[in-house]
Protein chains: 2
Amino acid sequence: MSGNDARDRRAERNLASRREIVSAAWAAARAEGLAGLSMRDLGSRVGMRAQSIYVYYPSKHAIYDAMFSEANQEILDRISAVPVSGDPVELLRRYTHVYLRFCNEDAVRYQLLYQRNILGFEPSAESYALASSGLEMIRRCLRACGVTSSRAFDVWTAMISGLAAQQMANEPGGKRWLRLADELTDMYIARYAPAHSKEKK
Amino acid sequence: MSGNDARDRRAERNLASRREIVSAAWAAARAEGLAGLSMRDLGSRVGMRAQSIYVYYPSKHAIYDAMFSEANQEILDRISAVPVSGDPVELLRRYTHVYLRFCNEDAVRYQLLYQRNILGFEPSAESYALASSGLEMIRRCLRACGVTSSRAFDVWTAMISGLAAQQMANEPGGKRWLRLADELTDMYIARYAPAHSKEKK
DNA sequence: GTCTATATTTGGATAGAC
DNA sequence: GTCTATCCAAATATAGAC
């Protein structure tokens with residue numbers, strides 16, 4: 001029926017516009033800074049007046065939230081796409097590599113996801129759930145390596161997020177710290193999962 | 001001479017006002033967020049009109065810079081005050097404790113010093129020098145522990161800044177990650193300075 | 001769904017009287 | 001050194017015509 005077709009087309013176009021807005025928001029944030037995102041600039045990037053954006057998103061915070069959610073979905077997808085075969089320690093290395101590469105690719109995305117400091121912005125509960133489920137995959141992998149205590153898990157997240165933090169703060173896009181990932185992993189495994197360590201005791 | 005006295009009193013009052021302004025700026029940043037610091041709010045906190053602040057600081061960035069510099073001086077002072085006696089590994093632990101406590105005390109200060117993300121603000125060269133000289137003390141201490149490679153030094157800073165980053169991001173003011181410092185240090189020393197390790201090989 | 005027009009607020013910064 | 005007055009620019013958001 002043509003009524004349904006028209007409705008579908010409308011919904012399709014609406015969705016496309018929403019996507020275009022978020023995509024332009026990323027570009028704007030990369031150019032002007034995350035906090036410098038403005039509706040006027042964003043509008044001009046999608047060929048609209050700023051006011052028209054409110055048809056698609058009710059507020060600027062809603063756009064931040066869409067960006068936050070999209071980025072969380074992206075890292076979750078990438079982690080999920082890692083083939084789960086063979087040695088769990090090898091899997092841990094692959095996860096780590098994927099995560100660090102993800103952080104290092106985009107400073108603005110890193111800031112939005114991991115340095116909560118946009119004025120009054122708090123991400124929605126669903127976005128949090130995405131982030132947690134990524135963490136859960138890491139936790140399972142560590143368990144497969146023989147690491148079970150939550151202390152040891154916190155040690156792991158501290159080490160890896162520390163690599164990312166130093167890299168982003170001091171040399172964004174570089175690899176001075178990122179290349180230390182395997183070294184840190186070896187040290188960690190030798191201490192917390194000696195059965196999987198390549199180093200003989 | 002009374003001319004000099006008057007000049008001194010003026011200089012003194014001027015300095016006191018400058019200090020009061022920076023102190024109020026910290027309070028404002030803690031209340032409104034670092035990026036939310038505004039001259040009007042700051043003025044009202046020191047009992048002035050916003051415009052009068054320009055007598056003491058030529059711009060808002062200059063105030064950020066004063067805050068940045070003050071904070072760097074503070075951590076440098078604290079690190080310098082640590083008594084340098086006995087085992088270098090013990091000294092390393094003390095340094096680490098001082099640093100982590102410093103980070104955890106004040107989220108806004110942490111953000112200003114270690115998460116460079118204020119709009120167009122870039123700290124002055126002198127402030128950078130302060131920060132570098134604190135890092136240099138850590139480097140010397142690690143050398144005394146027998147750690148010499150720059151790779152190993154980067155591993156150390158990644159680990160410790162990772163503890164701080166996780167603590168600040170997930171549980172500011174708490175100690176879920178901070179309490180892992182000694183555990184991380186043990187692991188690190190065992191790997192990079194086995195001669196100083198308590199664990200027998 | 002996009003526009004014009006506008007309300008409303010807020011920001012940093014300057015000029016000049018006192 | 002502080003004030004009043006003001007400039008100027010920019011922001012988010014709403015109302016209503018088309």
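Quick caveat: nothing in here was measured; it's all calculated off a predicted structure.
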Using atom [atom1] of [X] as one end and atom [atom2] of [N] as the other, report the distance to the nearest whole Å.
X       : N      : atom1 : atom2 : result
A:Leu42 : C:dT2  : CG    : P     : 13 Å
B:Glu12 : D:dG1  : CD    : P     : 13 Å
B:Arg49 : C:dG11 : CZ    : C1'   : 15 Å
A:Glu20 : C:dG1  : CD    : P     : 13 Å
A:Tyr56 : D:dT14 : OH    : P     : 17 Å
B:Arg18 : D:dT2  : CZ    : C1'   : 17 Å
B:Arg10 : D:dT2  : CZ    : P     : 13 Å
A:Leu37 : D:dT12 : CG    : C1'   : 12 Å

Hey, what do you get for [atom1] ([X]) to [atom2] ([Y]), rounding to the nearest 0.5 Å?
X        : Y        : atom1 : atom2 : answer
B:Arg101 : B:Asn104 : CZ    : CG    : 9.5 Å
B:Leu178 : B:Cys103 : CG    : SG    : 8.5 Å
A:Ile75  : A:Leu130 : CD1   : CG    : 11.5 Å

query = Which letter, B, S or -, goes with each nucleotide of nucleotides 13-18 of chain C from 5' to 3', with contact meaning a protein heavy atom under 4.0 Å?
reply = BB----

inquiry  = Categorize A:Ile53 for me: base, sugar-phosphate, or nothing, with a 4.0 angstrom heavy-atom threshold over every strand shown.
reply    = nothing

query = Looking for any heavy atom pair under 4.0 Å, which part of the strands does A:Ile63 touch: base, sugar-phosphate only, or nothing?
reply = nothing

request  = Answer yes if the side chains of B:Trp26 and B:Glu70 hold a donor-acceptor pair under 3.5 Å, and no otherwise.
outcome  = yes

message = Show the nearest heavy-atom pair for residues A:Val147 and A:Tyr192, with the distance to one decimal.
response = CG2-O, 3.8 Å

ask   = For the side chain of A:Glu136 and the backbone of A:Arg140, is there at least one donor-acceptor N/O pair under 3.5 Å apart?
value = no

inquiry  = Can you tell me if A:Ser52 touches the phosphate of C:dG1, counting only side-chain N or O atoms and a distance under 4.0 Å to OP1 or OP2?
reply    = no

task = Look at atom NE2 of B:His97 and say whether more than 12 heavy atoms of other residues, nucleotides or ligands are closer to it than 6.0 Å.
result = no

